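Note that this is a predicted model, so its numbers are computed, not measured.
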Amino acid sequence: MSLRFDFSASAVAALALSDATRALQEDVADGDLTASLVDPARKARARVLAREAAVVCGAPWVEATIRQLDPEARITWLCAEGERCAADQTVLEIEGTARALLTAERTSLNFLQLLSAVATKTALYADAIEGTRARIVDTRKTLPGLRLAQKYAVRTGGGLNHRIGLYDAVLIKENHIAAAGGVAAALRAVAPVASQADFVEVEVETLAQLREALGAGARMVLLDNMDLPTLREAVRINDEAGADRKAVLEISGGVTLEGLRALAETGVDRISVGALTKDVKAIDFSMRFQES
């Protein structure tokens with residue numbers, strides 16, 4: 001798999017298969033002792049219900065989990081990936097061997113509840129700033145081993161991905177600046193690796209640092225923990241820099257849903273929110289069996 005993940009359908013399917021294989025090994029290992037009590041020839045039907053309103057996300061992971069246990073299972077989505085479902089709505093119907101569905105139940109629901117939670121929260125934040133120029137962006141505050149899955153869910157919910165990891169972009173933060181001897185010095189030091197990066201962004205904490213960054217040629221600037229008047233002044237300074245020196249402005253730090261609209265209305269381009277993937281409350285889904 002390429003480090004620069006492209007989120008194409010085929011790449012997502014391969015990712016889901018890899019994640020599902022690892023998750024099943026973790027849960028099933030050498031066998032499901034309880035499901036082994038069921039006749040292996042017995043067929044079953046099951047439906048998955050959403051117990052609360054959500055943006056449905058995780059279909060490739062659910063399907064990869066089920067099909068590893070029953071390649072012939074019939075899977076019918078009644079709410080498509082990225083669509084909003086209502087509380088108590090059936091989102092999925094499955095037909096297959098009873099053993100396979102019993103074994104797949106928890107792993108498939110784990111993926112569905114986590115990824116739908118990320119997509120739902122992202123959609124909530126994106127809806128809150130609709131009509132402004134700003135876009136919601138994720139961070140690297142993800143569950144270890146599930147970063148790509150969570151970043152896929154952010155996209156499904158209407159957000160943008162920031163860098164995938166440390167390898168694909170440069171984000172110069174306060175400790176890098178301190179170590180390099182200033183904003184301009186840190187930006188100059190980027191030159192040897194700039195061609196390998198999808199983008200170069202520098203974090204600033206003051207308007208003086210913003211001016212220094214723009215003067216040094218920064219094209220993406222992260223405005224860290226600034227209040228609303230300072231953010232509005234940062235946007236004004238950036239606009240006055242002119243089209244050839246203007247940077248993409250991103251807000252980070254202290255972002256809440258309650259204050260989100262006011263932040264977006266300052267005129268910034270992006271608002272990064274670690275809570276999209278870090279502070280996630282799983283969506284409540286349940287699977288119910290009916291004999292075929």
Side-chain angles (χ1 to χ4, degrees), residues 1-32 46 48 54-83 91-97 99-101 103-123 137-169 196-199 276-278 280 282-283 285 287:
M1 185 181 295
S2 171
L3 288 178
R4 282 177 169 79
F5 195 72
D6 63 10
F7 290 99
S8 64
S10 60
V12 169
L15 171 67
L17 178 59
S18 175
D19 287 344
T21 300
R22 188 174 70 251
L24 285 171
Q25 178 58 37
E26 176 181 70
D27 198 35
V28 182
D30 294 331
D32 181 342
V48 174
V55 174
V56 173
C57 182
W61 283 261
V62 172
E63 294 189 17
T65 300
I66 294 169
R67 295 201 187 283
Q68 286 191 75
L69 298 165
D70 183 358
E72 304 303 319
R74 293 180 59 187
I75 302 172
T76 305
W77 290 93
L78 304 180
C79 187
E81 189 84 336
E83 288 187 354
V91 300
L92 171 64
E93 293 179 343
I94 316 162
E95 295 182 34
T97 62
R99 277 191 179 186
L101 299 191
T103 300
E105 178 181 359
R106 177 42 49 202
T107 296
S108 59
L109 289 182
N110 282 349
F111 282 123
L112 186 62
Q113 68 185 22
L114 170 66
L115 299 184
S116 294
V118 173
T120 300
K121 192 162 194 175
T122 303
V137 184
D138 60 21
T139 71
R140 288 166 47 240
K141 296 176 181 178
T142 55
L143 294 176
L146 289 175
R147 176 171 295 176
L148 290 173
Q150 286 192 280
K151 283 183 172 281
Y152 164 86
V154 167
R155 297 164 71 98
T156 301
L160 299 177
N161 296 142
H162 205 273
R163 56 181 177 169
I164 299 299
L166 296 174
Y167 54 83
D168 63 334
Q196 303 171 43
D198 290 342
F199 61 82
L276 300 180
T277 52
K278 180 174 70 73
V280 177
I283 298 296
F285 290 97
M287 186 180 289

Minimum heavy-atom separation for [X] to [Y], with atom names?
X	Y	result
Val48	Met287	CG2-CE, 3.9 Å
Ala119	Val55	CB-CG1, 3.9 Å
Ala117	Ala282	CB-CA, 4.0 Å
Glu81	Pro60	OE2-CD, 3.5 Å
Ala73	Arg67	O-NH1, 2.7 Å
Phe5	Leu148	CB-CD2, 3.8 Å

Worked check of side-chain contact (heavy atoms from CB on, under 4.5 Å) between Leu92 and Phe285: CA-CA 10 Å; Leu92 171 64; Phe285 290 97; over 6 Å; no

Who pairs with [X] by side-chain contact (heavy atoms from CB on, under 4.5 Å), at least two apart in sequence or on another chain?
X	value
Val137	Leu160, His162, Arg270, Ser272
Ser8	Asp6, Ser10, Ala11
Thr107	Ala23, Leu24, Asp27, Thr65, Phe111

By side chain to side chain donor-acceptor pair (under 3.5 Å), which residues pair with [X], not counting sequence neighbours?
X	result
Asp30	none
Thr103	Asp32
Glu105	none

Considering residues at least two apart in sequence or located in another chain, which fulfil the ring-ring contact (aromatic ring centres under 6.0 Å, His included) criterion with Tyr152?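 Expected list: Trp61.
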
Could you tell me if Thr21 and Gln68 have a donor-acceptor pair between their side chains, going purely by distance under 3.5 Å?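 Note: Gln68 and Thr21 side chains meet the donor-acceptor criterion.
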
Pairs meeting criterion salt bridge (charged side-chain N to carboxylate O under 4.0 Å, His left out) with involvement of residues 142-167, two or more places apart: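 Non-adjacent pairs meeting salt bridge (charged side-chain N to carboxylate O under 4.0 Å, His left out): Asp138-Lys151.
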
Could you please spell out the steps behind the side-chain contact (heavy atoms from CB on, under 4.5 Å) verdict for Phe199 and Asp168? CA-CA 8 Å; Phe199 61 82; Asp168 63 334; over 6 Å; no

Using the salt bridge (Lys or Arg N to Asp or Glu O under 4.0 Å) criterion, which residues pair with [X]? Sequence neighbours excluded.
X	result
Arg106	none
Lys121	none
Asp19	Arg22

Out of curiosity, [X] [atom1] to [Y] [atom2], how far, rounded to the nearest 0.5 Å?
X	Y	atom1	atom2	answer
Glu83	Cys57	CD	SG	12.5 Å
Leu114	Leu143	CG	CG	6.0 Å
Leu112	Ile283	CG	CD1	9.5 Å
Glu63	Ile75	CD	CD1	4.5 Å
Leu146	Leu15	CG	CG	8.5 Å

Any donor and acceptor pair, going by atom type alone, linking the side chain of Glu93 with main-chain N or O of Leu78 inside 3.5 Å?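 Such a contact is absent between Glu93 side chain and Leu78 backbone.
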
